[in-house]
J.: 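Attaching a single structure in structure tokens format; questions to follow.
Atom set for the values below is all heavy atoms of this structure, side chains included, hydrogens, waters and symmetry mates excluded.
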Amino acid sequence: MADLTFHGHATCSIETEDGTHLVIDPFFENNPVCDTSVDEVEADFILVTHGHGDHISDVVPLAKRTGAKVISTVEVVEFLATKGIDNAHGMNIGGARDFPFGRLKLVHAIHGGSIQMEGGGPPHTTPCSGLLLEVDGCRLYHAGDTALTMDMKLLEGRVDVALLPIGDNFTMGPEDAARAVEFIRPKVVIPIHYGTWPVIDQDPEVFRGLVGDRASVKVLEPGARFTLP
Ligand code: NI
Ligand code: MN
């Protein structure tokens with residue numbers, strides 16, 4: 001079974017049974033709640049949901065140090081090429097592909113997407129995605145940044161563990177995230193994208209109450225490790 005480590009905000013890493021390291025949405029150095037540093041984390045693959053700084057800001061240093069392959073939308077991959085990242089694979093919403101770590105599908109997310117990376121360059125508008133990942137027999141959904149969407153009903157019965165934003169303001173809040181749980185019916189739900197700054201402060205216990213017995217709510221502190229079912 002694979003292990004997931006939550007690093008705060010939307011950043012997490014996964015270590016598969018065979019020791020492959022995946023990092024999702026690397027945001028370490030300017031992340032006020034992060035447990036570790038971009039200089040310490042291991043990566044063979046870096047998965048990026050969209051181009052906002054709180055999801056992409058540490059892609060370049062992490063990819064350059066580790067040589068990890070970056071997987072994201074074609075538009076994000078094209079942008080990263082201008083920053084010297086060539087070991088990358090572009091996909092688009094609705095497309096799936098088998099990788100050495102398992103199968104990855106990009107799924108719909110409703111959100112904005114201009115890239116603002118350190119070092120400048122013109123703003124670059126990109127689509128946003130969620131990640132549907134099958135690794136060591138676990139079906140994981142990292143929703144990225146998104147509003148509640150009817151498309152989540154397409155995931156019903158296809159997700160074991162869902163990472164859902166609950167911070168409100170930029171994404172779903174607790175009420176809509178609880179409705180997302182009704183739509184998706186995962187076994188386990190992990191709230192993310194809250195508590196990083198005051199504007200997205202939320203009490204995950206309120207979210208747990210709203211979900212009720214529909215799913216097991218696993219609240220992870222930054223640095224906490226969770227074995228995927
Ligand atoms: Ni965003
Ligand atoms: Mn975000």
Side-chain angles (χ1 to χ4, degrees), residues 2-31 34-93 95-107 109 111 113 115-119 121 124 126-136 138 140-145 163 165 190 192-193 222-223 225 228:
D3 280 321
L4 179 143
T5 304
F6 179 59
H7 297 299
H9 199 58
T11 306
C12 44
S13 54
I14 294 170
E15 183 176 359
T16 67
E17 281 172 9
D18 72 1
T20 303
H21 292 90
L22 281 59
V23 175
I24 300 176
D25 284 358
F27 176 47
F28 296 99
E29 297 313 302
N30 295 316
N31 179 345
C34 186
D35 67 300
T36 186
S37 150
V38 70
D39 299 324
E40 287 167 20
V41 73
E42 294 179 79
D44 299 296
F45 294 90
I46 303 167
L47 280 47
V48 182
T49 59
H50 68 293
H52 283 155
D54 56 321
H55 299 258
I56 201 173
S57 64
D58 285 315
V59 168
V60 171
L62 184 59
K64 285 194 171 164
R65 178 176 61 81
T66 61
K69 182 186 281 287
V70 181
I71 306 170
S72 189
T73 60
V74 169
E75 290 81 2
V76 166
V77 164
E78 283 173 350
F79 180 80
L80 291 171
T82 71
K83 303 290 178 191
I85 303 300
D86 296 321
N87 184 18
H89 182 85
M91 300 176 66
N92 212 325
I93 309 297
R97 185 175 171 87
D98 290 317
F99 291 95
F101 57 81
R103 192 163 178 82
L104 172 67
K105 185 176 192 177
L106 299 192
V107 295
H111 189 66
I115 286 180
Q116 296 289 350
M117 282 181 74
E118 206 176 342
H124 193 92
T126 68
C128 301
S129 64
L131 309 172
L132 194 59
L133 190 61
E134 234 181 282
V135 57
D136 292 337
C138 179
L140 186 83
Y141 170 51
H142 186 297
D145 283 0
L163 291 96
I190 299 171
I192 60 172
H193 212 280
R225 203 170 160 101
L228 297 174

J.: Taking all non-hydrogen atoms of both residues into account, name the closest pair between Leu228 and Cys138 and its distance.
T.: CB-SG, 3.8 Å

J.: Would you give the length of the straight line joining atom CD1 of Ile115 to atom OG1 of Thr82, rounded to the nearest 0.5 angstrom?
T.: 8.0 Å

J.: Has Ser129 got a side-chain atom pairing as donor or acceptor with Thr49's backbone, closer than 3.5 angstrom?
T.: yes

J.: In terms of the angle between their ring planes, are His50 and His52 parallel, tilted or perpendicular, with boundaries placed at 30° and 60°?
T.: perpendicular

J.: When you compare the side chains of Ser13 and His7, does any donor N or O come within less than 3.5 Å of an acceptor on the partner?
T.: yes

J.: Regarding Thr20 and Asp44, do their side chains bring together a donor and an acceptor under 3.5 Å, going by distance alone?
T.: no

J.: When you look at Ile14 and Cys12, which way does the side-chain contact (heavy atoms from CB on, under 4.5 Å) test go after all the steps?
T.: CA-CA 7 Å; Ile14 294 170; Cys12 44; 5.7 Å; no

J.: If you measure from CG on Leu131 to CG on Asp25, what distance do you get to the nearest 0.5 Å?
T.: 7.0 Å

J.: Hey, could you give me the NE2/OG1 distance between His142 and Thr11, rounded to the nearest 0.5 Å?
T.: 7.5 Å

J.: Working to the nearest 0.5 angstrom, can you tell me the gap between Ile56 CD1 and Leu80 CG?
T.: 4.5 Å

J.: His193 vs His55 aromatic rings, parallel, tilted or perpendicular, using cut-offs 30° and 60°?
T.: parallel

J.: Taking all non-hydrogen atoms of both residues into account, name the closest pair between Phe27 and Asn30 and its distance.
T.: CZ-O, 3.5 Å

J.: Is a side-chain donor or acceptor of Asp58 paired with a backbone partner of Phe28 at a separation under 3.5 angstrom?
T.: yes

J.: Once rounded to the nearest 0.5 Å, what's the spacing between atom NE2 of His89 and atom CZ of Phe99?
T.: 4.0 Å

J.: Working to the nearest 0.5 Å, report the span between CG of Asp18 and CG of Asp136.
T.: 7.0 Å

J.: Could you pull out all residues at least two apart from Glu15 that satisfy salt bridge (charged side-chain N to carboxylate O under 4.0 Å, His left out)?
T.: Arg225

